[in-house]
Asker: 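Let me begin by handing over the structure; questions about it come next.
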Amino acid sequence: MNIQILIDEQPRELPAGSNLAELLALLQREPRSVATAVNGRFVAREARPGTMLAEGDQVLLFQPIVGG
């Protein structure tokens, strides 16, 4: 069974039970190169494996900002 989510406002199907870390691997994105949010809430890198994705979730991938 698959679920449909939105990634940067584009629809995408994933296997049910996928988490955010698995999504980044599927997209071939280097985990350190991208910041993530699900449904408008920032998700820290270490929380990605425990962030399960559900039907209709909206995932935002963005460039992390560093500086001082």
Side-chain angles (χ1 to χ4, degrees):
M1 181 177 164
N2 288 337
I3 60 171
Q4 185 166 7
I5 64 170
L6 291 176
I7 303 171
D8 295 335
E9 301 184 9
Q10 299 296 315
R12 174 89 186 218
E13 285 198 9
L14 295 174
S18 295
N19 64 46
L20 189 55
E22 292 168 334
L23 172 62
L24 292 179
L26 182 68
L27 297 173
Q28 299 180 346
R29 299 291 296 262
E30 168 58 42
R32 294 182 182 269
S33 72
V34 66
T36 54
V38 176
N39 298 327
R41 194 185 82 219
F42 174 76
V43 179
R45 194 177 316 143
E46 60 273 8
R48 292 173 184 167
T51 302
M52 304 307 293
L53 297 172
E55 179 77 25
D57 278 348
Q58 296 183 23
V59 177
L60 179 64
L61 308 178
F62 55 99
Q63 193 70 27
I65 298 172
V66 293

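What you see is a predicted model, and the numbers here were worked out from it, not measured in a lab. Worth knowing before you read on, the calculation uses all heavy atoms, side chains too, and leaves out hydrogens, waters and symmetry mates.
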Asker: Side-chain donor-acceptor pairs under 3.5 Å in residues 5-16, sequence neighbours left out?
Answerer:
| residue | atom | partner | partner atom | Å |
| --- | --- | --- | --- | --- |
| D8 | OD1 | L61 | N | 2.9 |
| E13 | OE1 | N2 | ND2 | 3.4 |

Asker: Show every side-chain hydrogen bond (donor to acceptor under 3.5 Å, both in side chains) that has at least one partner inside residues 46-64, sequence neighbours left out.
Answerer: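 Only T36-R48, N39-D57 qualify under side-chain hydrogen bond (donor to acceptor under 3.5 Å, both in side chains).
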
Asker: My understanding is that a hydrophobic cluster links ILVMFWY residues whose side chain heavy atoms are under 4.5 Å apart, including indirect links. Using that, what else belongs to the cluster containing F62?
Answerer: F42, L60

Asker: Which pairs would a plain distance check flag for residues 20-35, meaning a side-chain donor or acceptor within less than 3.5 Å of a matching protein atom at least two apart in sequence or in another chain?
Answerer:
| residue | atom | partner | partner atom | Å |
| --- | --- | --- | --- | --- |
| E22 | OE1 | N19 | N | 2.9 |
| S33 | OG | E30 | O | 2.7 |

